[in-house]
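Here is the structure we will look at.
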Amino acid sequence: MAKDLELWDIICDGPHVLMKKLEKTGPMVPKDTKEYSDIDRKAVEKNYRAKKILVYGIGPDEYNRVSACNTAKEIWEVLQTAHEGTTQVKQSKIDMLITEYELFRMKDDESIQDMHTRFTSIINELHSLGDIIPRNKLVRKTLSVLLGS
C-alpha cells in the first residue's frame with residue numbers, strides 16, 4: 001500500500017529531481033545519470049513505474065496524446081485536460097449540469113425507470129467533476145419531480 005501511495009504522489013507532484021552541489025558553496029544542479037547511486041536509481045525507477053501504470057491503462061488514441069510526456073505527472077495532466085478540460089471548461093460543465101439538475105422534469109412519455117436513468121446520469125457526471133449533491137437533496141428533487149411540483 002505504501003508503494004501505491006508513493007506512485008500516486010509521483011503522479012500528482014512529479015518525480016523528485018536528483019540534485020548535487022557544484023562546489024561546497026555553489027549552486028545546486030541536476031545530477032547526471034552516471035552519478036546516480038542505487039538509492040537515486042530506485043527513486044527514478046518509481047517515475048517509470050508510475051508512467052507504465054498510466055500508459056497500460058489507456059487506449060491507442062490517448063497514447064498518442066501522452067507519448068511525448070517525460071513524467072507520470074505530465075501524462076496525468078494531459079489526460080485530465082483531455083477528459084475534464086481546463087478549469088474553466090470544467091466549471092462550465094458543472095454550471096451546465098447544475099442548470100440541467102435544477103430544471104429536471106419527467107417527460108410525458110417517459111417511464112420512471114428512464115427518468116431515473118437520465119437523472120442518475122446528470123448526478124454521476126457532476127460527481128465525476130467533483131460537485132457532489134447531498135443524498136437528502138437528491139431524494140427531495142426526485143420526489144418533487146415524481147409529484148410534478
Side-chain angles (χ1 to χ4, degrees), residues 1-20 27-33 35-36 39-149:
M1 184 67 158
K3 285 185 182 183
D4 294 340
L5 288 174
E6 288 175 22
L7 293 178
W8 184 244
D9 288 343
I10 288 169
I11 290 169
C12 291
D13 303 331
H16 179 68
V17 178
L18 304 167
M19 305 293 279
K20 68 175 183 178
M28 296 291 282
V29 295
K31 284 184 180 181
D32 290 327
T33 54
E35 301 172 301
Y36 287 177
I39 293 170
D40 293 340
R41 289 186 194 290
K42 286 182 181 179
V44 170
E45 194 176 284
K46 288 177 186 172
N47 180 58
Y48 289 114
R49 247 187 268 139
K51 280 177 60 175
K52 186 168 79 171
I53 288 169
L54 290 173
V55 170
Y56 281 5
I58 60 177
D61 293 335
E62 289 175 325
Y63 179 78
N64 290 334
R65 285 187 189 136
V66 301
S67 60
C69 296
N70 292 317
T71 67
K73 179 181 172 102
E74 287 177 43
I75 292 171
W76 185 248
E77 288 172 348
V78 167
L79 291 173
Q80 272 187 308
T81 302
H83 291 276
E84 294 180 357
T86 62
T87 305
Q88 288 177 322
V89 170
K90 185 177 174 181
Q91 190 56 53
S92 294
K93 286 179 183 178
I94 290 170
D95 293 344
M96 181 189 71
L97 288 165
I98 287 174
T99 301
E100 225 179 300
Y101 166 81
E102 290 170 349
L103 299 175
F104 189 84
R105 298 288 177 260
M106 187 171 177
K107 296 176 182 175
D108 290 336
D109 60 340
E110 190 172 39
S111 70
I112 292 175
Q113 181 65 39
D114 291 342
M115 183 236 19
H116 184 266
T117 301
R118 208 166 42 90
F119 186 70
T120 302
S121 176
I122 294 167
I123 302 311
N124 287 344
E125 278 191 69
L126 279 167
H127 191 275
S128 72
L129 293 170
D131 194 329
I132 301 166
I133 298 173
R135 185 172 296 276
N136 62 339
K137 284 189 174 187
L138 295 174
V139 170
R140 272 187 270 158
K141 180 67 174 177
T142 304
L143 289 174
S144 72
V145 166
L146 287 172
L147 295 173
S149 26

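All figures in this text were calculated on a predicted structure; none of them were measured in a lab.
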For this session: Would you check if Leu146 and Met115 make a side-chain contact, meaning some heavy-atom pair closer than 4.5 Å?
Result: yes
Seminar exercise, completed: Closest non-hydrogen atoms of Glu74 and Cys69, given as atom of the first, atom of the second and distance, are OE1-CA, 3.5 Å
Exercise. Heavy-atom count around Ile112 CD1 within 6.0 Å, excluding the residue itself: above 12?
Worked result: no
Exercise. Under 3.5 Å, side chain of Ser121 to main-chain N/O of Thr117, donor-acceptor pair present?
Worked result: no
Exercise. Shortest non-hydrogen contact from Phe104 to Val145?
Worked result: O-CG2, 3.6 Å
For this session: Please test Lys46 against Leu7 for side chain to side chain contact (heavy atoms under 4.5 Å, CB included), starting from the C-alpha separation and ending with a verdict.
Result: CA-CA 6 Å; Lys46 288 177 186 172; Leu7 293 178; 4.1 Å; yes
For this session: Measure the spacing between CD1 of Ile11 and CD1 of Ile53 and express it to the nearest 0.5 Å.
Result: 6.5 Å
For this session: Could you grab the distance from atom CG of Leu129 to atom CD of Gln91, nearest 0.5 Å is fine?
Result: 9.5 Å
Exercise. Can you tell me how far the CG atom of Leu97 sits from the CG atom of Leu126, to the nearest 0.5 Å?
Worked result: 4.5 Å
Problem set entry | For the student: nearest non-hydrogen atoms of Lys137 and Tyr101, plus distance | O-OH, 3.4 Å
Seminar exercise, completed: Minimal heavy-atom distance between Arg105 and Lys141, with the atoms involved, is NH1-NZ, 3.5 Å
Exercise. Is there a side-chain contact between Lys93 and Val89 (heavy atoms, below 4.5 Å)?
Worked result: yes
Problem set entry | Polar side-chain atom of Asn47 near backbone of Ala72 as donor-acceptor pair, under 3.5 Å | yes
For this session: Starting at CG of Leu18, measure out to CG of Asp40 and round the result to the nearest 0.5 Å.
Result: 4.5 Å
For this session: Apply side chain to side chain contact (heavy atoms under 4.5 Å, CB included) to the pair Arg49 and Ile10, showing each step before the final yes or no.
Result: CA-CA 10 Å; Arg49 247 187 268 139; Ile10 288 169; over 6 Å; no
Problem set entry | Sequence-distant partners of Pro27, side-chain contact (heavy atoms from CB on, under 4.5 Å), two or more places apart | Leu22
For this session: Output yes when a side-chain donor or acceptor of Lys73 lies under 3.5 Å from a complementary backbone atom of Cys12, and no otherwise.
Result: yes
For this session: Mark yes when over 12 heavy atoms from residues, nucleotides or ligands other than Glu35 sit less than 6.0 Å from its CD; otherwise mark no.
Result: yes
Exercise. Under the side chain to side chain contact (heavy atoms under 4.5 Å, CB included) criterion, do Glu100 and Glu125 qualify, and how do the steps go?
Worked result: CA-CA 11 Å; Glu100 225 179 300; Glu125 278 191 69; over 6 Å; no
